[in-house]
Amino acid sequence: MNIHEYQAKQLFKNYGVTIPHGKMAETLDQAVEAAQKIDSEKWVVKAQVHAGGRGKGGGVKIASSLKEVKTIAENMLGMKLVTHQTGPKGKLVQKIYIEEVAPIKKEYYLGLVLDRTAEMPVMIASTEGGMEIEKVAAEFPDKIIKIRIDPLIGFRNFHGVMLANGLGLDKIQSRNFTQFARALYSLYKEKDASLIEINPLVLKEDDTFIALDAKINFDDNALFRHPDILEMRDLSEEEPTELEASNFNLNYIKLDGNVGCMVNGAGLAMSTMDIIKIKGGEPANFLDVGGDASAETVAKGFEIILRDKNVKAIFVNIFGGIVRCDRIANGILDAAKEINVSVPVVVRLDGTNADIALEILQKAHIPNIITAHSLADGAEKAVQAAKGV
Amino acid sequence: MGILVNKNSKVIVQGFTGKEATFHAEQCIEYGTNIVGGVTPGKGGQIHLERPVFSTVKDAVDHTGADTSLILVPPFFAADAIMEAADAGIKVIVCISEGIPTLDVMYAKMYVTKKGAVLIGPNCPGIITAGEAKIGIMPGSIFKKGHVGVISKSGTLTYEAANQVVNAGLGITTAIGIGGDPIIGSTFIDLLKRFEEDLETHAVVIIGEIGGDLEIQAAHYIKDHMKKPVVAFIAGQTAPKGKRMGHAGAIIAGSKGTAQEKMSALEHAGVRVCKSPADIGQATIEVLS
């Protein structure tokens with residue numbers, strides 16, 4: 001789960017990770033009032049959306065007067081912010097964050113993420129603050145310092161000193177940095193974060209550090225024990241169809257092709273997309289209906305797939321294990337009666353009771369339903385159907 | 001033969017009396033798995049599915065000599081269940097439960113390793129040695145006995161692959177679903193080592209997916225240490241970057257963990273890589289002839 005910058009900074013503050021003075025605003029009046037309360041000569045106004053690259057898209061502006069804060073806020077609230085991470089449609093800005101502009105001595109990068117290879121958290125620091133860390137890794141790999149933190153001992157002073165040395169910090173800066181990094185690790189561990197990124201991390205004139213930006217992702221599996229974090233979820237930032245699907249225990253991701261897919265199991269669902277591409281088509285979506293596909297979930301799956309007007313054919317690929325294929329075949333027939341499935345549906349059922357299922361489908365004589373006897377056969381038929389052949 | 005589990009494995013089910021666990025335990029018993037009892041805290045002394053119920057894993061081990069455990073408990077209890085099994089001396093711990101926090105799995109795996117036990121999963125279909133023991137939720141009938149080992153991150157794709165292998169006239173020694181979470185108990189390498197040593201296994205099929213680098217590590221291992229032929233398929237060649245594809249670990253982070261990167265690493269290691277998921281059976285015949 002993602003949260004907004006202003007929420008991440010509030011969490012930072014609670015853990016003693018220092019941040020600039022700032023306030024969130026949802027209206028013009030709130031924006032001006034926020035600026036008035038922040039003792040600063042200049043203010044930075046930042047659009048609060050779940051996407052990186054906000055600065056380049058016009059989502060981060062400096063104001064030198066309260067009047068200017070108002071003008072910027074007026075333009076920003078309600079705008080569609082387009083960045084390299086939002087897609088061409090952009091994201092609606094409903095909240096902005098007003099913050100003091102603090103003098104900067106130097107900018108760094110600091111991140112904390114799970115190292116899947118080492119199976120433990122890794123803290124990543126770089127002198128190239130403000131740059132995308134992927135880009136730094138590609139262009140200046142020697143400017144990245146990575147220190148793995150074994151959870152058995154947690155964050156220790158030597159971790160901080162190793163990172164500080166790598167960044168070329170002096171003794172006082174190193175001490176301040178270590179304190180900052182330790183607080184960050186506590187937050188990561190106690191709140192089950194999966195990623196924390198501060199870019200840039202700023203060294204101030206007094207040799208202390210503040211987080212100028214803040215990004216936190218959380219482990220979805222751990223949200224059950226963090227009601228405070230779950231409360232920060234902003235549903236308006238999530239793709240509405242994907243959200244609706246998840247309410248029915250369906251895992252749906254929209255793609256750009258025209259062959260809709262309905263599959264049981266995530267791995268088989270990905271493979272189904274792959275084989276459609278190999279057969280010369282383009283998948284319209286990823287859809288995992290889960291281990292216990294029922295008539296209801298199949299019907300909902302059809303409905304969601306068909307909402308995408310690009311879809312010209314649907315490939316239902318189910319490998320029945322514990323769930324018997326005959327039950328799924330009946331589910332498909334029920335769904336076809338319930339909703340108007342306007343495009344050809346290629347059905348491939350394999351595994352337990354596949355023969356009976358095939359017979360059920362063939363006896364039903366529904367013109368839109370085409371049966372297939374294998375994964376390759378089904379993919380081929382679906383791609384051809386989408387082409388109108 | 002086969003690896004890790006066989007007809008002599010003494011298996012307990014943790015969460016035994018739960019609805020799902022009962023259903024799957026019945027299926028395992030029907031397959032012929034030697035299930036010697038189960039554990040549900042507070043229900044010790046009862047009889048369930050004609051087998052004794054214990055309140056702790058330690059009690060179960062003391063009374064039955066169990067060496068293997070199948071965990072089917074809700075996600076918030078699952079890490080504890082894994083650690084309890086390891087603490088009681090269980091040697092093979094198979095965790096089906098989905099949705100365990102990553103930090104919990106991290107600690108559980110450290111402890112299991114310290115105890116010298118093997119963890120399969122979490123969030124996986126389990127392990128089956130054809131004709132001997134099914135310790136998981138997979139449909140047993142697909143896995144006909146033969147000489148091919150299967151290691152897979154995905155559930156239904158494992159069934160698809162095993163089905164293709166069987167339809168091609170071959171069969172399975174042991175098939176293991178290792179799960180697609182960011183941290184998993186047993187990796188491709190851990191199991192490839194065992195298949196390399198297993199006399200019954202003549203070839204291994206590995207099924208990976210986008211995210212992480214376990215397949216790349218496997219490629220290095222295969223290149224340096226494997227004599228038996230390996231067939232591979234990597235799911236997610238068409239998956240978009242930055243989107244989690246069902247499994248918690250199936251995500252291309254930046255430009256890392258793509259299917260293409262993994263496929264070429266495996267190809268360099270001499271693995272027969274299938275571009276299409278429909279070619280796994282045929283490819284297995286070819287590497288064996």
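The analysis underlying the following values was restricted to heavy atoms, covering all of them including side chains, and did not include hydrogens, waters or symmetry mates. In what follows, every chain begins at residue 1, and chains take the letters A, B, ... in the order their sequences are listed.
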Check whether any side-chain heavy atom of [X] sits under 4.5 Å from a side-chain heavy atom of [Y], and report yes or no.
X      : Y      : answer
B:T113 : A:E119 : no
B:Q217 : A:T117 : yes
A:K277 : B:Q237 : no

Testing the basics here: between [X] and [Y], what is the closest heavy-atom pair and its distance to 0.1 Å?
X      : Y      : result
B:M110 : A:D150 : CE-OD1, 3.5 Å
A:R116 : B:G249 : NH1-O, 2.8 Å
B:G246 : A:N251 : CA-ND2, 3.3 Å

Worksheet entry | Side-chain H-bond candidate by donor/acceptor type, B:T156 with A:N264, under 3.5 Å |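 A:N264 and B:T156 do not have a side-chain donor-acceptor pair below 3.5 Å.
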
If you round to the nearest 0.5 Å, how far is [atom2] of [Y] from [atom1] of [X]?
X      : Y      : atom1 : atom2 : result
A:L268 : B:T158 : CG    : OG1   : 9.5 Å
A:D274 : B:C274 : CG    : SG    : 12.5 Å
B:T102 : A:L114 : OG1   : CG    : 6.5 Å
A:M120 : B:I183 : CE    : CD1   : 9.0 Å
B:D213 : A:D115 : CG    : CG    : 8.0 Å

For the interface with chain A, which of [options] has the highest count of heavy-atom pairs at distances below 4.5 Å?
options                : answer
B:A253, B:G211, B:A239 : B:G211
B:P101, B:P125, B:S152 : B:P101
B:G155, B:A278, B:G236 : B:G236
B:E98, B:Q164, B:M106  : B:M106

Please state whether the side chain, the backbone, both or neither of [X] comes within less than 4.5 Å of a heavy atom of chain B.
X      : result
A:D219 : side chain
A:N317 : neither
A:N221 : both
A:D192 : both
A:K279 : neither
A:L255 : side chain

Heavy-atom pairs under 4.5 Å with chain B - which of [options] has more of them than the others?
options                        : value
A:S374, A:G267, A:P283         : A:G267
A:A266, A:S271, A:A376, A:A222 : A:S271
A:F286, A:F319, A:F224         : A:F319

Worksheet item: Should the pair A:E239-B:K243 be classified as a salt bridge under the 4.0 Å nitrogen-to-oxygen rule?
Response: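 So A:E239 does not pair with B:K243 through a salt bridge.
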
Practice prompt. Return yes when atom CG of B:N167 has more than 12 non-hydrogen atoms of other residues, nucleotides or ligands closer than 6.0 Å, and no otherwise.
Written response: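 Yes, CG of B:N167 has more than 12 neighbouring heavy atoms, counting only those of other groups under 6.0 Å.
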
Of the backbone (N, CA, C, O) and the side chain (C-beta and beyond), which part of [X] lies under 4.5 Å from a heavy atom of chain A, both, or neither?
X      : answer
B:I100 : backbone
B:L214 : neither
B:I280 : neither
B:P75  : neither
B:M245 : both
B:A259 : neither

Discussion item. One pair to check against salt bridge (charged side-chain N to carboxylate O under 4.0 Å, His left out): B:K241 and A:E134. What are the steps and the verdict?
Written reply: CA-CA 14 Å; B:K241 284 182 181 173; A:E134 279 257 320; over 6 Å; no

Worksheet item: Excluding sequence neighbours, so at least two apart, what forms ring-ring contact (aromatic ring centres under 6.0 Å, His included) with A:F155?
Response: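 Counting only residues at least two positions away or on another chain, A:F155 forms a ring-ring contact (aromatic ring centres under 6.0 Å, His included) with A:H159.
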
